[in-house]
2 protein chains.
Amino acid sequence: MENRKKQIIELSIELVKKYGYDSFSYATLSKELGITKASIHHHFQRKDDLGLELCSYIHAHMVKEFNSILSKKNCAKEKMKDYLNLYAKMIETGDKICPIASLQAEANVISKEMREEVCLIDDAENDFIETVLNLGIKENDFYIKGDIKLEALLITSALKGALQYSRIHDKNKYMLIAEQLTLRLQSF
Amino acid sequence: MENRKKQIIELSIELVKKYGYDSFSYATLSKELGITKASIHHHFQRKDDLGLELCSYIHAHMVKEFNSILSKKNCAKEKMKDYLNLYAKMIETGDKICPIASLQAEANVISKEMREEVCLIDDAENDFIETVLNLGIKENDFYIKGDIKLEALLITSALKGALQYSRIHDKNKYMLIAEQLTLRLQSF
DNA sequence: GTCTATACACCGATAGAC
DNA sequence: GTCTATCGGTGTATAGAC
């Protein structure tokens with residue numbers, strides 16, 4: 001990918017995390033990057049084009065993070081901690097929430113194509129957590145009541161909710177809620 | 001409160017739940033209500049005035065709902081079920097999420113005054129859930145690991161996240177996730 | 001309390017020169 | 001790949017008549 005395109009996408013993702021998709025404009029990007037709106041339209045003719053590529057970028061980035069966590073030679077408990085820290089980084093580096101949660105909140109505003117992309121990213125995240133949960137069960141470190149797929153769904157959506165809550169109340173609350181959430185996984 | 005004002009506020013809340021605060025305009029309201037934008041400005045000079053009154057209205061409405069649940073002569077388990085159903089109604093009646101979650105997602109876009117109002121509403125909801133949890137413990141129906149205030153925070157933020165997830169994926173998922181969440185409260 | 005009319009800023013987007 | 005210039009549309013908001 002060309003450098004400028006990548007630069008625009010990465011800035012856009014930070015703006016989605018902080019303000020949401022509808023709340024930043026080509027003018028916002030152009031001021032920040034020091035180029036004109038027309039130049040940005042050269043790379044992404046319609047804003048929806050940028051929106052779709054930004055989703056693909058997030059998707060690829062998260063899959064990379066998940067694979068990195070899975071390939072580490074540590075236990076499921078530690079992999080879960082690594083995962084929780086991914087979100088902790090967002091809120092610590094400036095009032096940011098999960099970009100996917102941000103887009104979910106705008107579900108009825110963004111295009112059908114973007115909505116579908118958001119769903120695919122959610123699916124990837126849920127599959128990842130399900131894998132970690134199954135690993136933890138094998139290692140006798142996790143004990144899970146009910147359906148494992150549902151527990152994965154609960155974890156991913158609860159953390160997104162916790163991030164949103166913490167941003168507006170107290171950043172430090174996020175990790176406390178995350179730890180309270182994972183308490184239930186412990187068999188003792 | 002005058003009838004028209006109430007009508008504008010109630011419509012605005014439905015729009016916040018469906019699209020978010022920044023994504024509806026005085027034009028949206030005026031078309032729906034059959035009056036002009038100028039007439040709406042007569043009731044709420046600035047949009048932020050509407051935003052603040054809409055928050056107060058949500059606050060009062062939710063406190064009323066919570067008190068209604070608490071005053072019922074049923075057990076904590078059933079009160080929790082009543083609470084879960086409040087959110088279920090939102091998503092079932094047309095792609096809507098919790099208005100507070102919607103405003104949380106726009107935290108860096110709305111005014112400081114609105115942000116503070118949102119926090120107060122969250123506080124009321126958390127106090128309510130904490131009360132229900134303590135009641136359930138007394139009744140020997142709930143068993144809670146860790147801090148009760150944290151568990152309340154987890155429940156309220158997890159449900160908001162579950163609503164957002166379910167709206168974009170599959171409405172029926174919400175209640176399944178909610179039930180998976182409350183599984184942890186059961187001692188057996 | 002509602003209207004018409006209007007102001008002004010910003011939005012996404014395009015044409016065309018360099 | 002970047003620019004200037006510009007378009008039509010929409011956003012919040014106000015003035016003033018009825």
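Just so we're on the same page: letters track the sequence lines, and every chain starts at 1. Hydrogens, waters and symmetry mates play no part in the numbers below; they use all other heavy atoms, side chains included. Quantities reported herein were computed from a predicted structural model and do not represent experimental measurements.
Around the CD atom of B:E10, the shell of radius 6.0 Å holds more than 12 heavy atoms that belong to other residues, nucleotides or ligands. Counting non-hydrogen atoms of other residues, nucleotides and ligands closer than 6.0 Å to OH of A:Y26 gives a total above 12.
For D:dC3, the OP1/OP2 oxygens have a side-chain nitrogen or oxygen of A:S39 closer than 4.0 Å. Between B:H42 and C:dG1 there is a side-chain polar atom (N or O) within less than 4.0 angstrom of OP1 or OP2.
In the region residues 101-117 of chain B, proximity to DNA chain D at under 4.0 angstrom, judged on heavy atoms, holds for none of the residues.
Distances were taken from every side-chain heavy atom of A:E2 (C-beta onward) to each of D:dG1, C:dC3, D:dT4; the shortest belongs to D:dG1.
One atom, CG of A:L29, and another, C1' of C:dC10, lie 14 Å apart when rounded to the nearest Å. Rounded to whole angstrom, the span from the CZ atom of A:R4 across to the C1' atom of D:dT2 amounts to 9 Å.
A salt bridge between A:K171 and A:E92 is absent, with no side-chain N of the basic residue lying under 4.0 Å from a carboxylate O of the acidic one. Under a 4.0 Å N-O distance rule, the pair A:D49/A:R46 qualifies as a salt bridge. Ion pair A:K145/A:E151 not flagged as a salt bridge, since none of the NZ, NE, NH1 or NH2 atoms sits closer than 4.0 Å to an Asp/Glu carboxylate oxygen. Between A:E125 and A:K160 there is a salt bridge, with a side-chain nitrogen of the basic residue lying less than 4.0 Å from a carboxylate oxygen of the acidic one.
For residues 28-45 of chain B, no residue pair satisfies the salt bridge (charged side-chain N to carboxylate O under 4.0 Å, His left out) rule, not counting sequence neighbours.
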Report the C-alpha separation of B:Y165 and B:Y174 in whole Å, then their side-chain angles, then the decisive distance to 0.1 Å, and conclude whether the ring-ring contact (aromatic ring centres under 6.0 Å, His included) test is met.
CA-CA 8 Å; B:Y165 173 86; B:Y174 162 72; over 10 Å; no

Once base and sugar-phosphate atoms are separated, protein heavy atoms under 4.0 Å mark nucleotides 7-18 of chain D, 5' to 3', with B, S and - as ----SBBBB---

